[in-house]
2 protein chains.
Amino acid sequence: MRASDKVYDTLRTEIVEWQLVPGTVLAEVEQSERLGVSRTPVREALARLVADGLAVAQRGRGVVVSEVGKDHLEDLFVLRRVLECENARLAADSAHAGEFAELAQAFDRAAAQESMPDAASGYYQLVARLDESIDQAAGNSYLSAALRNLRVHLQRVRRLAQDNPQRLRASAREHASIAWAIAQKNPDLAAAATTVHLHQSLTHIKNYTPTTERQHP
Amino acid sequence: MRASDKVYDTLRTEIVEWQLVPGTVLAEVEQSERLGVSRTPVREALARLVADGLAVAQRGRGVVVSEVGKDHLEDLFVLRRVLECENARLAADSAHAGEFAELAQAFDRAAAQESMPDAASGYYQLVARLDESIDQAAGNSYLSAALRNLRVHLQRVRRLAQDNPQRLRASAREHASIAWAIAQKNPDLAAAATTVHLHQSLTHIKNYTPTTERQHP
DNA sequence: CATGCTTCGAGTGTATACATAAAAACGGGC
DNA sequence: GCCCGTTTTTATGTATACACTCGAAGCATG
């Protein structure tokens, strides 16, 4: 694996996991020394992060980790809604729609599970599997690429809101609805279920996010 | 302006204008010699082109200009439709919707113009103005960013289909419909008009594109 | 004491040299 | 004559040295 890829993965993970908080300056020399590589791979990685929107290039000061404004959340979810809804529609119309019954059952089991918070990691894996399956079934590479870029930001936002068992179970039920709608080859229903899920998700994040009062230095 | 930006703009323009046809290998040393800069800015520019999807990195052979498959056209326009429709919806709901009456009149005049093919360049500028106005009125930076990436590909596709006066006039009428719908603050109508326009545009491109039979070397 | 200029420094932007890996070409063996 | 291994070449990947710009701090002056 190339060193620049390693640097990119490392920085991207650290930004998503809030080890690098918004506003942190990512100096080339500093990062190159910390990660044990030259400036060149670091430069490449930083450029990719800027392209992803995870960092912004500031004139003279280098690149800094981008802010995650609560005021931008609505915009983010508007874009996510149109993309995920179309993705779900296409998946429900695809030949592989029937294969989603198995996934739907898995979500049903997850929703009924008692020890939901303990299995949060496994649950997120299941969500990732559903997303991936929808992408494959929809078969639109442009849509998948746009969503891939978007989901990085969402992983980052997710860390803002603490997960509670109730929300996780509700999320499992909503995902089950989406999977069942696709399995039944009903595009409109799949899109509607997706809209419902994203609305609930956004509402939860907005309610359970500690108000990040802007620091006035 | 930085050298890497200049290289990026140059290569991007040449790709969009089909001076660099799909499959062309963009070797770092070759381009650095041609453009009179070092390899470092060229590398950065190539990385940005790959991120844009205008080029793909091939293992060992460097990066090559990406193909524009007619089979991918439908996928591209699906994504474009959902993004542009939502954008038009948001613009029609915005406070600046009324300002689109002026643009709509400009499109009406363009549609009525006799010497349409001669004014093609000016007409495309007008289209760009409408796109920009919709972006601003919609006020969703994530949506705008996604569309900005997409429109580059569309400029490239547009060169495939030769413009004829009839199509340009029809396009002007369709754009006028969109602008009027926004000016009348009717989101559903704006989205519908956008869908109609994109459908016609895709149909035209598919019909008037010379069948690019794959070359077997 | 405030404001403006100057100078210093830290950081990026660029060029180039070196390492490395993959692809093509060449030669030897079958 | 064909195929496989080796070599050579050519490309990218990485490291580092140098130049230049922007910011900040410090000093001088009004």
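A, B, ... follow the sequence lines: proteins, then strands. Residue 1 opens every chain.
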In whole angstrom, what separates [X]'s [atom1] from [N]'s [atom2]?
X	N	atom1	atom2	answer
B:Gln31	C:dA15	CD	P	15 Å
B:Glu28	C:dT20	CD	C1'	14 Å
B:Met1	C:dG13	CE	C1'	14 Å
B:Tyr8	C:dG13	OH	P	17 Å
A:Arg2	D:dA15	CZ	P	13 Å
A:Leu35	D:dT14	CG	P	13 Å

If each of A:Val37 and B:Val63 is mapped to the nucleotide of DNA chain D with the nearest heavy atom, which maps nearer the 5' terminus, i.e. the 5' end?
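Here B:Val63 is the residue nearer the 5' end.
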Taking for each residue the nucleotide of DNA chain D bearing the nearest heavy atom, is the 5' side occupied by B:Gly62 or by A:Gly36?
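Nearest nucleotide further toward 5': that of B:Gly62.
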Going by atom types alone, do [X] and [Y] pair a side-chain donor with an acceptor below 3.5 Å?
X	Y	value
B:Ser66	B:Arg156	yes
A:Asn149	B:Tyr142	no
B:Gln155	B:Arg158	no
A:Asn87	A:Asp135	yes

B:Arg129, CZ: over 12 other non-hydrogen atoms inside 6.0 angstrom:
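Check fails, neighbour count at 12 or below.
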Heavy atoms only: give me the nearest B:Lys185-B:Ala95 pair and the separation to one decimal.
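Between these two residues, the closest heavy atoms are NZ-O, 4.2 Å.
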Nearest non-hydrogen partners of B:Val29 and B:Ser32, listed with the distance
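Smallest interatomic distance, heavy atoms only, reads O-OG, 2.7 Å.
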Contact residues, residues 41-48 of chain B to DNA chain C [heavy atom, < 4.0 Å]:
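Nucleic-acid contacts, sorted: B:Pro41.
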Between B:Phe107 and B:His175, how do the two ring planes meet: parallel, tilted or perpendicular, split at 30° and 60°?
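Because their plane-to-plane angle is under 30°, the rings of B:Phe107 and B:His175 count as parallel.
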Please list each protein N or O that sits under 3.5 Å from an N or O in nucleotides 16-21 of chain D, with the distance.
| unit_1 | atom_1 | unit_2 | atom_2 | d |
| --- | --- | --- | --- | --- |
| D:dT16 | O4 | A:Thr40 | OG1 | 3.4 |

Using the ring of B:Phe77 (Phe, Tyr or Trp, six-membered ring only), decide whether B:Arg80 places NZ or CZ under 6.0 Å from its centre and within 45 degrees of its axis.
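Checked: cation-pi criterion met.
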